Chemist: 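Take this structure, written in C-alpha cells, and hold onto it; I'll ask about it next.
This structure is a prediction, so every number in the text was calculated from the model and none was measured. Chain letters run A, B, ... following the sequence lines, proteins first and then strands; every chain starts at 1. Quick note: numbers below take in every heavy atom, side chains included, and nothing from hydrogens, waters or symmetry partners.
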Amino acid sequence: MTDDSNVRTYADSLDDPPNSRLFLVTSKSTTEEVIREHFSVFGEIQDIWVVKDKHTKESKGVAFVKFAKSSQACKAMEDMHGKCLIEGTKPINYYYYYYYYYYYYYYYYFGYFLCLKVFIAQSRSSGSHRDVEDEELTRIFIMIPKTFTEEDLKEKFKEYGDIEYCIVIRNKTTGESKGLGYVRYLKPSQAAMAIENCDRNYRAILAEPKNRTSASCENDYFSTPRSDHMSHDPGMNSYPFAEASNFGVSEMRGSDSITKCLLVSSRASLSQEQMFNLFDLIPGLDHCEMQRDPYGYNKGQALVRYNNVGSAVYAKEKLHGFEYPPGNRLVLTYIEDGEEKSSPVGMMALQLVAAQMMSMVWSSPVGQQFMKTSSGYSSGSSTQMNRLQTDVSLPPHRKLAPADSRVKERLFIVFNPAPLSVDVLEDVFCRFGSLIEVYIVQGRNVGYIKFADRKSANEAMITLHATENILDHLNESGIEMSLMT
DNA sequence: CGACGGGACGC
DNA sequence: CGACGGGACGC
C-alpha cells in the first residue's frame, strides 16, 4: 500500500461517510451558534460552516452541517426541514422541548412552514447542486441468501424502520432468486440505520435510483402527481387507472395489502388542517389525524382513513410522492385497518369506479383551485359521494376471443369527462369472456366494446352498471352503457 | 429562489 | 491447498 492511496485529504472526509453532511437554506441572520443549538441533539456534529461572502463577510443564508453518521444527518433533516429557527434561544437542553412546543403553535397559527430547508448535501465531487431527494435515500440494495422471500426481508429489516416494500430480484423466466434484493423505507434515516447497523454480510448500500436517464428524472420512480398534472393534461384521465393496475401488482409482491387506511409520512411539519384539506379532496374521508409522539409533538406522520377502499387506492395513486408543500414529498403506505381485505380482482372494479369518479373531482374548478394555491380551502365538493357502494367484484381475467370472431353484441360506452385507456378497459371487460375488441372513438368521449357472445356483453353491462347508477345518481356522470347490435 | 472555508502530513 | 469478491430493478 502506497502512502498516497491511504491518505485522505480533509476535503474528502467531508463526504465520509456518504450522506452525512447537510445543506441548510437558512436566513442571512442565522448564526453557527443557533444552528448548533438546534442540530446537536441529532448526533455528533463534526463541522458547521455558515457560508459567507468572501469580501463583505455577510452570510449568504446557507450553511453546511457535517455529522459523524448519515443516520444522524438524515434524522436532523427529517425533523428540522420546514422548521423555523428562532434566534437567541439558549442552548440548554431541557428547555428545548418548551421551545419546540411553542414553535408548534407558532407554525399552526401563522403557517410558516418553510422557514428552514434542510437537504443532504451533494457530495463535493459531484459538482451538482440539485437537491438530493428522498427516493435516493430510502431504498437499500442488499445481498441475501437465495432462499430469502420478501417476507423474510421484511422480517429482518423492519427493526430499522417502517418498510414501504421489499423486493427479491428474481430470474424473470424461472422465478429463481438472484440473491439480491431491495428494501424501501419511508424515511432516509431508516435506510441509513439499516445500512449502518445490519449484518455486514448483507453488504447493504443505497440503491441507485432506477431509470436515471438525465438530470431531470423527477417522475421516474414515483408516478408523481404534480400540480402541473392537475390542469389540462390530456392523458390525465386515463392515467390514474392505468397506473393503479400496475401498482396493484407490485404492491402485492411487496406483501402489503390494500386497505382503507393510509399512513402519510412528511418531512415538513404539516398541520392537521392542511392534511385534512388535502385528503378530503378525495371523497369518502372518514378520519385524518396527525400522529404525535409521547410528548405530543408532531412526528410528521398522519393516519388517514377512508370509508371505502377505492378512495384509499385513489388517494395513494394521486398523493404518493406528491409535493406538498412544494419540495416536500408525501409518502403514503397502506396500513392494516383490521378489516377483511379485498381481492385484487375486486380492486379492479373499485379502481375503475374511483378513477372515473376522481378524475372528475380533480379536474373540477374547486380541485384545481385548491392545488394551485395549496392553501386552506375547504373542499365542499366531495362529501356527497360518501355513500358510494364499493362492493363490486369482477370475475378473473379471461382470454380474448379470436380477432376474426363475429361480433354478436356491442356495448356503447360514454365517458365523462374523458376516456379511460384501452388497456384498462380491456383488462376489465375481458373478464366477462369473449371480448373481441375495445374501441375508443378518437377525439370523442365514447367507445365500443365488441363481444363474440351476447351473454358476456350482458353480464359486463349488468355488473358494471351497478356502479354507474350510483355515479349517475350523485353527479349525472360516470360511465354510461347501452346495448347495440 | 439556495452550494463549498479553514487548516495542514506518519511509521 | 481451501473460501475471494461480487452488486441492479419488465417498458
Chemist: Taking the side chain from E196(A) and the backbone from K69(A), do they hold a donor-acceptor pair closer than 3.5 Å?
Modeler: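 Flag not set: sc E196(A) to bb K69(A) has no pair under 3.5 Å.
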Chemist: Answer with base, sugar-phosphate or nothing: what part of the nucleic acid does I142(A) contact at a heavy-atom distance below 4.0 Å?
Modeler: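 Base contact - I142(A) has a heavy atom under 4.0 Å of at least one base atom.
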Chemist: Looking at dG2(B) and F23(A): do their rings stack (centroid distance under 5.5 Å, interplanar angle under 30°)?
Modeler: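 Here the ring of F23(A) and the base of dG2(B) are not stacked, as the 5.5 Å and 30° limits are not both satisfied.
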Chemist: Looking only at non-hydrogen atoms, find the nearest pair between M275(A) and L270(A) and report the distance.
Modeler: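 Closest approach of M275(A) to L270(A), heavy atoms only: CE-CD1, 3.5 Å.
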Chemist: Specify the separation, in whole Å, of atom NZ of K28(A) and atom P of dC1(B).
Modeler: 11 Å
Chemist: Does K54(A) have a side-chain nitrogen or oxygen under 4.0 Å from the phosphate oxygens OP1 or OP2 of dC4(B)?
Modeler: no
Chemist: Between D152(A) and K156(A), does any NZ, NE, NH1 or NH2 come within less than 4.0 Å of an OD or OE carboxylate oxygen?
Modeler: no
Chemist: How close or far is atom C1' of dC4(B) from atom CD1 of I120(A), stated in whole angstroms?
Modeler: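 The distance from CD1 of I120(A) to C1' of dC4(B) comes to 16 Å, rounded to the nearest Å.
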Chemist: Nearest to the side chain of V51(A), heavy atoms from C-beta on, is which of dG2(B), dC4(B), dG6(C)?
Modeler: dC4(B)
Chemist: Which pair of non-hydrogen atoms, one from I167(A) and one from L153(A), has the smallest distance, and what is that distance?
Modeler: O-CD1, 3.8 Å
Chemist: Report the distance from atom CZ of F141(A) to atom C1' of dG6(C), rounded to the nearest whole Å.
Modeler: 10 Å
Chemist: State which of dA8(C), dG2(B), dC4(B) makes the closest approach to the side chain of H129(A).
Modeler: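 Minimum distance to the H129(A) side chain belongs to dC4(B).
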Chemist: How close or far is atom C1' of dC9(C) from atom CD1 of I140(A), stated in whole angstroms?
Modeler: 15 Å
Chemist: Using only side-chain N and O atoms of K210(A), determine if any of them is under 4.0 Å from OP1 or OP2 of dA8(C).
Modeler: no
Chemist: Could you work out, with ring-ring contact (aromatic ring centres under 6.0 Å, His included) as the rule, every residue matching Y202(A), not counting sequence neighbours?
Modeler: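 With sequence neighbours excluded, Y202(A) shows a ring-ring contact (aromatic ring centres under 6.0 Å, His included) to F157(A), given in chain and number order.
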Chemist: May I have the distance from L180(A) (atom CG) to dG7(C) (atom P), rounded to whole angstrom?
Modeler: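 Result: 9 Å.
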Chemist: Please tell me which of the listed nucleotides, dA8(C), dG2(B), dG7(C), lies nearest to the side chain of A207(A)?
Modeler: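 For A207(A), the side-chain atoms sit closest to dA8(C).
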Chemist: Indicate syn or anti for dC9(C), taking the glycosidic torsion and treating anything within 90° of 0 as syn.
Modeler: anti
Chemist: Heavy atoms under 4.0 Å, any strand shown: does K52(A) hit a base, just sugar-phosphate, or nothing?
Modeler: nothing
Chemist: If you find the nucleotide of DNA chain B closest to V62(A) and the one closest to K57(A), which residue's nucleotide is nearer the 5' end?
Modeler: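 Of the two residues, V62(A) wins.
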Chemist: For the base of dG5(B), is there a side-chain donor-acceptor partner from D47(A) under 3.5 Å away?
Modeler: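 Check passes, donor-acceptor contact within cut-off.
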Chemist: In whole angstrom, what separates R203(A)'s CZ from dG7(C)'s C1'?
Modeler: 11 Å
Chemist: Is a donor-acceptor contact shorter than 3.5 angstrom present between the side chain of R139(A) and the base of dC9(C)?
Modeler: yes
Chemist: Taking CZ from R21(A) and C1' from dA3(B), how many angstroms apart are they, rounded to a whole number?
Modeler: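 Computing the R21(A):CZ to dA3(B):C1' distance gives 8 Å.
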Chemist: Is the aromatic ring of F64(A) within stacking range of dA3(B), meaning centres under 5.5 angstrom and planes under 30 degrees?
Modeler: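 Not stacked: fails the 5.5 Å / 30° test.
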Chemist: Looking only at non-hydrogen atoms, find the nearest pair between L330(A) and S266(A) and report the distance.
Modeler: CD2-CB, 3.8 Å
Chemist: Starting at atom CZ of R200(A), determine the distance to atom P of dG7(C), rounded to an integer number of angstrom.
Modeler: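 Result: 19 Å.
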Chemist: Could you tell me whether the phosphate oxygens of dC9(C), OP1 or OP2, come under 4.0 Å of any side-chain nitrogen or oxygen in K172(A)?
Modeler: no
